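See structure below.
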Number of protein chains: 2
Amino acid sequence: MTKEKLGTWRIDRQLVEDISRHAAFGRRRKFKKNTVLYEQGEVSTRFYFVLKGLVQISIFRADGSEVVLELMGPETVCGEGAAFDGLPRFSSAAAIEDTEAIEFDTAKMTEIFRARPEFAALLLRVTSLKQRVLAVRLKHLASREPQDRIMELLTRLEDMFAIDHPKGRLLVTHLTHEQIATMTGTSRVTVTRTLQRLREQNRIDIIDGHILLKRRRDGG
Amino acid sequence: MTKEKLGTWRIDRQLVEDISRHAAFGRRRKFKKNTVLYEQGEVSTRFYFVLKGLVQISIFRADGSEVVLELMGPETVCGEGAAFDGLPRFSSAAAIEDTEAIEFDTAKMTEIFRARPEFAALLLRVTSLKQRVLAVRLKHLASREPQDRIMELLTRLEDMFAIDHPKGRLLVTHLTHEQIATMTGTSRVTVTRTLQRLREQNRIDIIDGHILLKRRRDGG
DNA sequence: ACCGTCTCGTATCGGGCGATACAGCCCGGC
DNA sequence: GCCGGGCTGTATCGCCCGATACGAGACGGT
């Protein structure tokens with residue numbers, strides 16, 4: 001099984017092609033591992049279309065603790081939220097692998113939209129998809145049950161990164177219990193406990209360190 | 001003190017004017033109290049700019065429980081998330097007061113954007129603001145502490161709806177403990193307990209049923 | 001005045017999560 | 001082989017939240 005690191009986000013192929021077609025409106029940039037694309041609190045009109053590498057999006061809470069929102073792999077857009085509303089960044093983005101991205105600037109967007117109105121519609125689709133994922137995450141984080149919180153992450157990863165397997169769907173992405181904990185707002189120990197419980201309930205299985213979501217009998 | 005019901009969302013005056021200026025691209029509609037604007041799961045390309053009344057946005061979980069996302073009062077936009085990405089609605093919207101709104105349809109948006117590119121930039125600002133609020137809520141819901149969850153709601157309401165008061169900022173919006181509970185993913189009893197605790201900590205006060213956020217000494 | 005409804009305050013109890021600690025395991029380095 | 005670090009599996013304990021129940025107070029209808 002590959003040790004390649006993967007993100008927690010993917011958009012459909014058509015959308016990727018459509019965005020790539022407008023790459024000329026931005027400029028290509030490289031970010032070395034452990035450098036910052038943007039930082040929570042700063043004001044900026046730039047956003048990014050990741051081509052290679054891996055970018056961790058996180059929010060730091062007042063007490064300094066970190067909530068990891070996403071790991072953005074190739075062919076994903078990030079930073080557009082704060083770039084368009086003009087307010088300080090609500091999240092930070094750091095390259096956790098050597099990364100290449102196209103950097104867009106919203107400053108001249110109205111002009112671009114006049115020439116290429118379909119680019120505006122495209123960006124609206126991207127922000128709407130993000131809004132959707134945030135809303136769905138919120139739905140599950142509203143629950144205090146660790147099982148809800150963790151299963152939401154797993155099913156989302158299933159939608160984006162799972163491959164078929166005789167017994168269900170195998171998550172290609174590998175996350176440590178620690179990472180799952182910071183993404184679901186629980187403790188590392190609880191993640192371990194909850195995954196154990198899910199195994200006992202026969203809902204998941206662990207194969208070579210990867211999580212297998214078992215086929216449910218109730219359709220789907 | 002007025003008993004008028006208010007929402008949990010507001011956008012700045014300039015943005016409201018800019019949207020109003022494009023009202024001709026939509027059509028005016030009325031919704032009686034307790035009717036539905038749209039429902040979770042349906043596919044639709046319509047979104048709304050509320051003029052009068054109050055619309056409750058909620059997500060229903062698999063077990064039937066309801067998470068209230070927002071109460072959208074006049075001069076707010078709702079439904080644009082699912083209207084632009086074309087996927088089934090992730091939330092439901094119901095008028096909880098007699099409501100008037102302008103209904104837009106995304107189907108012909110690319111054409112409109114060609115003629116009025118600034119309208120596209122406007123909508124991107126609106127969706128980005130929503131993304132921001134969702135992300136901030138997520139940051140706080142990631143915590144399991146009821147106090148974090150509830151204070152996030154209160155400070156957000158402060159930003160949008162508070163009036164100055166000698167001792168701090170008074171929230172004009174009145175929410176029952178039950179409503180706060182469904183918006184923060186806690187129980188009604190815990191909301192009561194937590195608000196009590198916040199009073200003991202001298203961070204809030206209750207004046208005629210309205211919450212007063214006391215001025216903090218640590219600046220700000 | 002009487003009642004029903006809604007809301008808020010508060011009590012009891014059980015359960016499960018977080019904090020903490022420690023052991024076993026894998027793997028890479030030398 | 002030996003060591004060390006990162007990850008996972010468990011154990012113990014304290015605490016606090018959710019479920020549940022009940023009472024007090026406000027308000028409106030008749």
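The shown structure was predicted, so the numbers you read here are calculated from the model rather than taken from an experiment. To find a chain, count down the sequence lines: A is the first, B the second, and so on, and within it residues start at 1. Below, each value reflects all heavy atoms present in this structure, side chains not excepted, and no hydrogens, waters or symmetry copies.
Legend: salt bridge (Lys or Arg N to Asp or Glu O under 4.0 Å) pairs involving residues 165-176 of chain A, not counting sequence neighbours, sorted by first then second residue: E158(A)-R169(A), D164(A)-R169(A), K167(A)-D205(A).
For D159(B), there are no side chain to side chain contact (heavy atoms under 4.5 Å, CB included) partners at least two apart in sequence or on another chain. In this structure R144(A) satisfies the salt bridge (charged side-chain N to carboxylate O under 4.0 Å, His left out) test with no other residue, sequence neighbours excluded. Evaluation of the side chain to side chain contact (heavy atoms under 4.5 Å, CB included) rule for V16(A) yields I11(A), S20(A), F49(A), E75(A) as partners, not counting sequence neighbours.
Between D148(A) and R61(B) there is a salt bridge, since a side-chain N of the basic residue sits under 4.0 Å from a carboxylate O of the acidic one. Between K32(A) and E97(A) no salt bridge is recorded (no basic side-chain N to carboxylate O distance below 4.0 Å). Residues E80(A) and R46(A) are not paired through a salt bridge, judged by the lack of any N-O separation under 4.0 Å between the basic side chain and the carboxylate.
Remark: P of dT10(D) and CD of Q196(A) are 5 Å apart, rounded to the nearest angstrom. Here the P atom of nucleotide dC16(D) and the CD atom of E145(B) are 9 Å apart, to the nearest Å. R149(B) places its CZ atom 11 Å from the P atom of dC17(D), with the value rounded to the nearest Å. Distance CD1 (I150(B)) to C1' (dC16(D)): 14 Å, rounded to an integer number of Å.
Protein chain B contacts DNA chain C from dT7(C) to dG18(C), reading 5' to 3' and using non-hydrogen atoms of the protein with a distance under 4.0 Å.
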Below 3.5 Å between N/O atoms, which protein atoms pair up with nucleotides 18-21 of chain D? Just atom names and distances, please.
unit_1  : atom_1 : unit_2  : atom_2 : d
dG18(D) : OP1    : R144(A) : NE     : 3.4
dG18(D) : OP2    : S187(B) : OG     : 3.2
dG18(D) : OP2    : T190(B) : OG1    : 2.2
dG18(D) : N7     : R193(B) : NH2    : 3.0

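The side-chain contact (heavy atoms from CB on, under 4.5 Å) test with Q179(A) is passed by exactly one of L153(A), T173(A), V68(A), L71(A): L71(A).
Backbone-only contact: R197(A) has heavy atoms under 4.0 Å from sugar-phosphate atoms and none from a base.
The residue among T194(A) and L175(B) whose nearest nucleotide of DNA chain C is located toward the 5' end is L175(B).
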